[in-house]
Amino acid sequence: MWVNWWGGQQCRPRRTDRPLDEAGVVAAVRRAAERGLTVRPLGSGRSDSTLTLTNDVHVDCSALTGVAAITSDTVRARAGATLASVQAALAQRGRALAPVAHAPLATVAGAIATGTHGGGAGIGSLSDQVVGMRFVDGTGRLRKAGENGDVGELDAVRTGLGALGVVTEVELRTVPATEVEAHEEPVVAEEALAVDGPLDAHRFAAVELHLPSGEALLRWAGPVVDQKPEAVPGGPVEALGRVVTRLGHTASAQWSAQRSRPAPRWEGVVTGPPHELLPDPHPVRGGFTEWALPREALADAIRALGAATAARNQEIRRPVEVRTGPAETGWLHPAHGRATAWITVRTHRGDDRGPLFRLVGSVLEGMGGRPHWGGRHDWTAADVAAAYPALPDFLAVRDRLDPDRLFNGDHLEALLGP
């Protein structure tokens, strides 16, 4: 039996192949095709998605680890390498991946397939960094997306959901490695979520909200400076620093350190590489649903979510996390075509998440939300077709790369159709 990392998803595949190289992936795919079985690629299991569930064949690429090459501005990482290991290898060469995902132990291929992102209004997701990809398609052929300038195929595989093939290697853009100053302050939620507010002003930013009480915590990080941010004369950071300080003093009297409320992670201002500072060092095991909304709908969506959960006695016990990001070109990326606000709702392991997640989905979908493919949702093919204008292009690529639907499964078919 396969179980994801926190125990919320499980299945009994007939077979699990763990290839040691690309040739092994090709052999596993062809063997499944000859036996009339379907294949689902398997990542680290860090998500709460049903996309990996199958009763047929899992192809587990966890042995395809490490970095194949680092150039002046790109890295070629094998599919099973964790984001943390890639960042560590890049750091030794003075480079880094621009986005910092919350799940550093997720695999490169899994994070790309589901559209995993970081937190920064100007930083695209890991999918957005893809400039090339090697994968085995549904005919058992090794393909190289992006090598002939085929932007269409690249935009299909950027968020492929495991529907187009088994990824073996990915080439990603990199940026110069830098250290950042990380801060956290209690804030007034309405002001923190406003367009052009703190979420949009910093390189990295996230807000945690306890909806029942209205308490909020802003975490943000930016370039290391000698002076305090509020003391830098004349610039936008000066004004923002004063606002954050003022809001922090206003909210501090109401602050609670209870585990169900936003809790400080650092003592004072800390400095270091973003990929070491920003991920939660002690993630709580449990389910989650995450939705991508038009950026301008964020404040209204949080108000609607608070009102709906209160009216139906569905308290969100864990802090709601809010981040922002730019528009993406990936055809099935939740941020496709629009600047995006991300709202994440988590539950503790053992909680009955079904009613709450359905309520969250109904509220946020009604405000233009699209679900993150790594979280819980109940979308169907009709929902996907209505929300993604490039779906016909994606399906055309799917017809070409997997004509016999070797990579199909009940959950994928529910999203994309037969």
Side-chain angles (χ1 to χ4, degrees), residues 102 118-122 180-222 228-232 235-270 277-278 280 290-311 314-325 339-346 360 363-364 367 369:
H102 278 11
V180 294
E181 286 184 351
H183 308 246
E184 54 189 3
E185 293 280 355
V187 292
V188 175
E190 285 288 326
E191 297 184 38
L193 303 181
V195 175
D196 296 328
L199 283 172
D200 299 318
H202 294 294
R203 180 180 172 191
F204 301 102
V207 171
E208 286 193 352
L209 303 165
H210 184 244
L211 283 187
S213 67
E215 296 172 27
L217 177 71
L218 169 69
R219 290 193 178 97
W220 56 276
K228 295 288 185 182
E230 58 266 30
V232 177
V237 176
E238 174 190 5
L240 184 59
R242 288 197 298 265
V243 171
V244 170
T245 302
R246 175 176 57 80
L247 296 179
H249 291 319
T250 301
S252 61
Q254 305 173 8
W255 190 254
S256 170
Q258 296 180 29
R259 188 166 179 79
S260 63
R261 287 173 161 80
R265 184 181 301 168
W266 307 304
E267 293 184 5
V269 178
V270 295
L277 291 181
L278 301 182
D280 188 345
E290 183 170 9
W291 291 76
L293 287 86
R295 172 63 182 91
E296 62 274 12
L298 173 58
D300 288 341
I302 290 296
R303 282 192 291 269
L305 192 57
T309 52
Q314 288 285 340
E315 180 180 350
I316 300 178
R317 295 170 54 197
R318 292 185 61 187
V320 174
E321 184 175 40
V322 177
R323 292 173 284 172
T324 58
T340 294
W342 301 89
I343 297 177
T344 309
V345 176
R346 295 183 173 89
V360 171
V363 171
L364 299 184
M367 306 193 75

Go through the structure and list residues passing side-chain hydrogen bond (donor to acceptor under 3.5 Å, both in side chains) with [X], not counting sequence neighbours.
X	result
Asp280	none
Thr344	Glu290
Trp342	none

Assess whether a salt bridge exists between Glu184 and Arg265, defined as any Lys/Arg side-chain N lying under 4.0 Å from an Asp/Glu carboxylate O.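 The answer is no: the pair does not qualify as a salt bridge.
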Which pair of heavy atoms, one from [X] and one from [Y], lies closest together, and at what distance?
X	Y	result
Ala292	Thr340	CB-CG2, 3.5 Å
Glu208	Pro262	O-CG, 3.5 Å
Pro186	Leu217	N-CD1, 3.9 Å
Ala189	Gly214	CB-O, 4.3 Å
Ala205	Pro198	CB-O, 3.8 Å

Residues in salt bridge (Lys or Arg N to Asp or Glu O under 4.0 Å) contact with Arg303, at least two apart in sequence or another chain: Glu190, Asp300
Residues in salt bridge (Lys or Arg N to Asp or Glu O under 4.0 Å) contact with Glu321, at least two apart in sequence or another chain: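 For Glu321, the residues satisfying salt bridge (Lys or Arg N to Asp or Glu O under 4.0 Å) (neighbours in sequence not counted) are Arg323, Arg346.
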Give, for atom [atom1] of [X] and atom [atom2] of [Y], the distance between the pair rounded to the nearest 0.5 Å.
X	Y	atom1	atom2	result
Phe204	Glu181	CZ	CD	13.5 Å
Arg317	His210	CZ	NE2	9.5 Å
Glu296	Met367	CD	CE	10.0 Å
Trp220	Arg203	CH2	CZ	13.0 Å

Min side-chain heavy-atom separation [X]-[Y] under 4.5 Å:
X	Y	result
Leu305	Val360	yes
Leu211	Ile302	yes
Leu298	Leu199	yes

Applying side-chain hydrogen bond (donor to acceptor under 3.5 Å, both in side chains) as the test, list every pair that has at least one member in residues 192-201; sequence neighbours left out. Asp200-Arg295
